[in-house]
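Everything below concerns the one structure shown next.
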Amino acid sequence: MLSDLNPPQREAVKYLDGPLLVLAGAGSGKTRVITRKIAYLVKECGFNPRHIAAITFTNKAAREMRERVGELLDGGQAKGMTISTFHSLGLSILRQEARHLGYKPRFSVLDAADAQAILSDIVKSPDKSSLRRAAAVISNWKNALLDPEAAMQQAGDEVEVQLARAYLSYQTTLKAYQAMDFDDLIRLPLALFQTEAEVLGRWQGRLRYLLVDEYQDTNGAQYALMKLLAGPVGRFTAVGDDDQAIYGWRGADVENLRRLSEDYRRLKLIPLTQNYRSSQRILEAANRVIRHNSRLSDKNLWSELGIGEPIQIVECKDDRHEAETVATRIDGHRFQTRNRFSDYAVLYRGNHQARVLEEAFRSARIPYVLSGGQSFFDRAEIKDITAYLRLIANPDDDPAFIRAVTTPRRGIGPASLERLGHYSADRHVSLFAALFEAGVQATLPAKQLQPLLEFGEFINRLALRAEREPAGTLLQDLLAATRYETWLYDVEDDRVARTRWENVGEFVDWLTKKGADEGKTLIELSQTVALMNLLEGREDAEVNAVRLSTLHAAKGLEFPHVFLVGVEEETLPHRECLDGDRLEEERRLMYVGITRARRGLTLTWCKRRKRGQDWLPCEPSRFLAEMDAGEVSRSGQPADPEAARAAGKQRLADLKAMLGG
DNA sequence: TATGTCCTTTTTTTT
DNA sequence: AAAGGACATA
């Protein structure tokens, strides 16, 4: 079973004498190590799959890991295993233990947008960026396990005192709504384990061996949670790479790697430096760039895959030209090599950069898929439907009530909601509960009261049915009764309405299928929706298309040919991150981008870039200079950009003709 | 009082 | 593109 692993990989799989940290460089087969180790624990060591927990960074990674483990084990054994993200694990702990924390088991989970909307009601006169800063500060407090009182005590200046007040008010509001944000999904299980030894003991008994992937991207709270679950002896394998830590802005702390060896004196360290993905030239480029960071160790990646093709650096006139260049090169290269579109990826720093690329790919008729960016579940029409689901499961969820009661329009507007809000605040009940109190009738004129009451009855009927009936019919009834489709076409252009309605259909189908497959009611389904995204439910069905992705979303993936675009100062590194730790994180981002490539790597940069109305002049990224040791092939553009564009188009047309004929 | 329309501005990365 | 704000209209 372990014969196709290299010696350090094999050692990592077999080591069970204590806590283990595998320092796994990019492409060194870490997923392989984790999945094999799980299989090894079950098949060779007699572990019950129920007692193993593997923690991944995304739901998608969790799904893939479950699949791979399933292939290694006998039928169905992977089913009982806990393979999930920290957040999903926290969520399932909380669903079971909610009562210990004064929450109902059907609490709502808010995404970042919902949470920020609540915060913006609390913070008084916020411009957008100060709101974001406030959200970040509060999130950092939460991840550092400070409650509002503690935050208040350590507040240094007036601004921090204000923020600590906002934090307190924010938490109180969440509790009133029976809602949690993402940070709570980690923080609250941890708080629970710290105070209730019995509960902790129960979960320690349930999860007896932990495997944590992408360990370098854990935050303080996640690490603390992991330590508690793994117990004092440290029954865990953590796998990580300090050079790929790219989530510092989200509270992740690379220091957790160092802390691990301080907290566990017996910690065993196994480095994996043989790379099975990329040519030597690509690895050398990556090594040269990352050398400029201060690092835990000077590990150098190496491979036996040959020197490989030269890395290309292409200078472009502007971002549109860059996009067209990439499209043209991909099309040409694919034609010459008979590759598939899915052998190529275009990676960039920020989502907005995808826009020009999409245009270029559309006009060149190159199929593409976007990853990263707006999740399926962030779309307005999906949030509309989930607002209904949230409200059905949790009548205390005021934000869900507001969204559902006003979508589609039913004659209830801001004035009515404000009156209802005052009434409910006075009586300390939720908006939904307030509807059914006799007193509201005095507050509201009949014209507004009637649709409100009808809405209340409607939700009540659905909630009653939701306990038993299959999700499918209920959802159909919900859509029919609200006449959601009609409203969409009323409010939007036909084209837009059509795609939105298709999205709704897809979501409903997905829920219906999931409900039928897993025997879950709509209520149960609604409890997990908050943490999902597009990539989980479907897709990935081997589409032959070029991948457009942010660097962050590309972590863990690999492609035969990678185009890294916008390699400019102020873009990569991003202009908000030009010094200190943040610059190092940008460099790691560059490193992650480079190491996605197996054989071909092309980096492009623009002399100018459109930003809003006007043009910004750009300079090549410092990372290009850091990477360059003369082994790259550089090309600029012909003097006349219009001629170049025409030539490109012509070339494209020629290729099309050859392909077609 | 509710709602739709026509402006504006915006862009770091995401569980 | 899309979200938020000011204004007009029913």
Side-chain angles (χ1 to χ4, degrees), chain A residues 55-62 84-91 109-113 115 117 120 127-129 132 135-136 139 143 180-186 214 217-219 221-222 245-252 319 347-356 358-359 371-375 377-380 383 406-419 444-445 447-448 451 487 490-493 495-496 499-500 530-536 549-555 566 570-577 582 585-586 588-589 592-593 609-613 616:
Chain A
I55 312 291
T56 59
F57 191 65
T58 63
N59 288 307
K60 186 179 168 225
S84 68
T85 61
F86 269 111
H87 290 90
S88 304
L89 175 63
L91 180 61
V109 178
L110 304 182
D111 65 23
S120 86
D127 62 297
K128 222 167 180 180
S129 72
R132 284 233 288 263
S139 177
N143 289 329
M180 297 183 191
D181 65 15
F182 284 145
D183 296 327
D184 288 335
L185 299 181
I186 313 296
E214 307 282 9
D217 287 322
T218 56
N219 64 36
Q222 289 167 334
I246 53 174
Y247 284 92
W249 52 274
R250 204 173 89 178
D319 47 351
L347 309 182
Y348 38 83
R349 178 64 175 81
N351 278 309
H352 62 280
Q353 292 172 264
R355 199 106 166 271
V356 226
E358 282 193 87
E359 272 170 36
S371 56
Q374 206 195 16
S375 143
F377 288 82
D378 287 341
R379 291 172 152 112
K383 299 202 80 172
T406 54
T407 321
R409 294 292 182 199
R410 46 168 63 82
I412 305 300
S416 304
L417 283 175
E418 178 142 18
R419 290 192 186 175
L444 288 161
K447 196 178 172 205
Q448 273 74 46
W487 174 77
D490 264 9
V491 174
E492 307 278 2
D493 295 338
R495 275 186 63 91
V496 178
T499 57
R500 299 214 154 166
L531 287 185
M532 307 198 162
N533 57 47
L534 171 68
L535 301 168
E536 225 210 340
S549 171
T550 61
L551 285 162
H552 283 88
K555 191 169 73 161
E570 317 256 290
T571 297
L572 180 65
H574 192 271
R575 66 185 207 288
E576 304 286 313
C577 313
R582 291 156 125 207
E585 183 153 309
E586 296 295 300
R588 292 194 288 267
L589 216 38
V592 166
R609 179 172 288 281
K610 195 141 196 176
R611 216 179 119 70
Q613 304 285 348
L616 273 187

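In what follows, chains are A, B, ... by sequence order, proteins preceding strands, each numbered from 1. Because the structure is a prediction, the values reported are computed rather than measured.
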Of the listed B/dT15, B/dA2, B/dT14, the closest approach to the A/Ser416 side chain comes from B/dA2

CG of A/Leu417 versus C1' of B/dA2: gap in Å, rounded? 11 Å

Side chain of A/Arg132 only, heavy atoms from C-beta on: which candidate in B/dT14, B/dT12, B/dT1 is closest? B/dT12

Heavy-atom side-chain proximity of A/Lys447 to A/Ser416 below 4.5 angstrom: no

Audit row: A/Asp111, A/Lys383, salt bridge (Lys or Arg N to Asp or Glu O under 4.0 Å) steps and yes/no: CA-CA 10 Å; A/Asp111 65 23; A/Lys383 299 202 80 172; 2.9 Å; yes

Polar side-chain contact A/Arg349-B/dT13 base: donor and acceptor under 3.5 Å: yes

Selected nucleotide, minimal atom distance to A/Val491 side chain, candidates B/dG4, B/dA2, B/dT14: B/dG4

What is the distance from CG of A/Asn219 to P of B/dT14, rounded to the nearest Å? 17 Å

For the pair made of CD in A/Glu576 and P in B/dT10, what is the distance, rounded to whole Å? 13 Å

Which word best sums up how the rings of A/Trp249 and A/His552 line up, parallel for under 30°, tilted for 30 to 60°, or perpendicular for over 60°? perpendicular

Closest to the 5' end of DNA chain B, once A/Ser88 and A/Arg410 are matched to their nearest nucleotides, is A/Arg410

Of the listed B/dG4, B/dT14, B/dA2, the closest approach to the A/Gln448 side chain comes from B/dA2

Which whole-number value in Å describes the distance from A/Lys447 NZ to B/dA2 C1'? 8 Å

By nearest-nucleotide position on DNA chain B, the 5'-leaning member of A/Leu589 and A/Arg409 is A/Arg409

Of the candidates B/dT3, B/dT13, B/dT15, the side chain of A/Pro414 sits closest to B/dT3

Would you indicate what A/Ile412 reaches in the nucleic acid, counting non-hydrogen atoms under 4.0 angstrom: base, sugar-phosphate, or nothing? sugar-phosphate

Mark this stacking check for A/His574 against B/dT12 as yes or no, applying ring centres under 5.5 Å and ring planes under 30°. yes

Salt bridge (Lys or Arg N to Asp or Glu O under 4.0 Å) for A/Glu570 and A/Arg609? Distances and angles first, verdict last. CA-CA 11 Å; A/Glu570 317 256 290; A/Arg609 179 172 288 281; over 6 Å; no

Using a cut-off of 4.0 Å on non-hydrogen atoms, how would the nucleic acid contact of A/Arg609 be classed: base, sugar-phosphate, or nothing? nothing

Atom pair distance, as rounded to whole Å: CG in A/Asp493 and P in C/dA1: 13 Å

State whether A/Asn351 places a side-chain N or O below 4.0 Å from either non-bridging phosphate oxygen (OP1 or OP2) of C/dA1. no

Assess whether a salt bridge exists between A/Glu358 and A/Arg355, defined as any Lys/Arg side-chain N lying under 4.0 Å from an Asp/Glu carboxylate O. no

Report which part of the nucleic acid A/Phe86 touches: base, sugar-phosphate, or nothing (heavy-atom distance under 4.0 Å, all strands). nothing

Can you identify which nucleotide, out of B/dT13, C/dA1, B/dT1, has its nearest atom closest to the A/Arg355 side chain? C/dA1

Any side-chain N or O of A/Arg582 less than 4.0 Å from the OP1 or OP2 oxygen of B/dT13? no

Got A/Arg250 and A/Asn219 here, is their nearest side-chain heavy-atom distance under 4.5 Å? no

Is it the case that the base of B/dT13 and the side chain of A/Trp249 share a donor-acceptor contact (distance under 3.5 Å, atom types as modelled)? yes

Over how many whole Å does the gap from A/Glu214 atom CD to B/dT14 atom P extend? 14 Å

Please tell me which of the listed nucleotides, B/dA2, B/dT12, B/dT14, lies nearest to the side chain of A/Ala415? B/dA2

Given atom NZ of A/Lys555 and atom P of B/dT13, what is their separation to the nearest angstrom? 16 Å

Would you check if A/Leu572 and A/Glu586 make a side-chain contact, meaning some heavy-atom pair closer than 4.5 Å? yes

Examine B/dT14: is either OP1 or OP2 under 4.0 Å from a nitrogen or oxygen in the side chain of A/Thr550? Give yes or no. yes

Given atom CZ of A/Arg575 and atom P of B/dT11, what is their separation to the nearest angstrom? 10 Å

Nucleotide nearest A/His87 when distance is taken to its side chain, options B/dT15, B/dT12, B/dG4: B/dT15

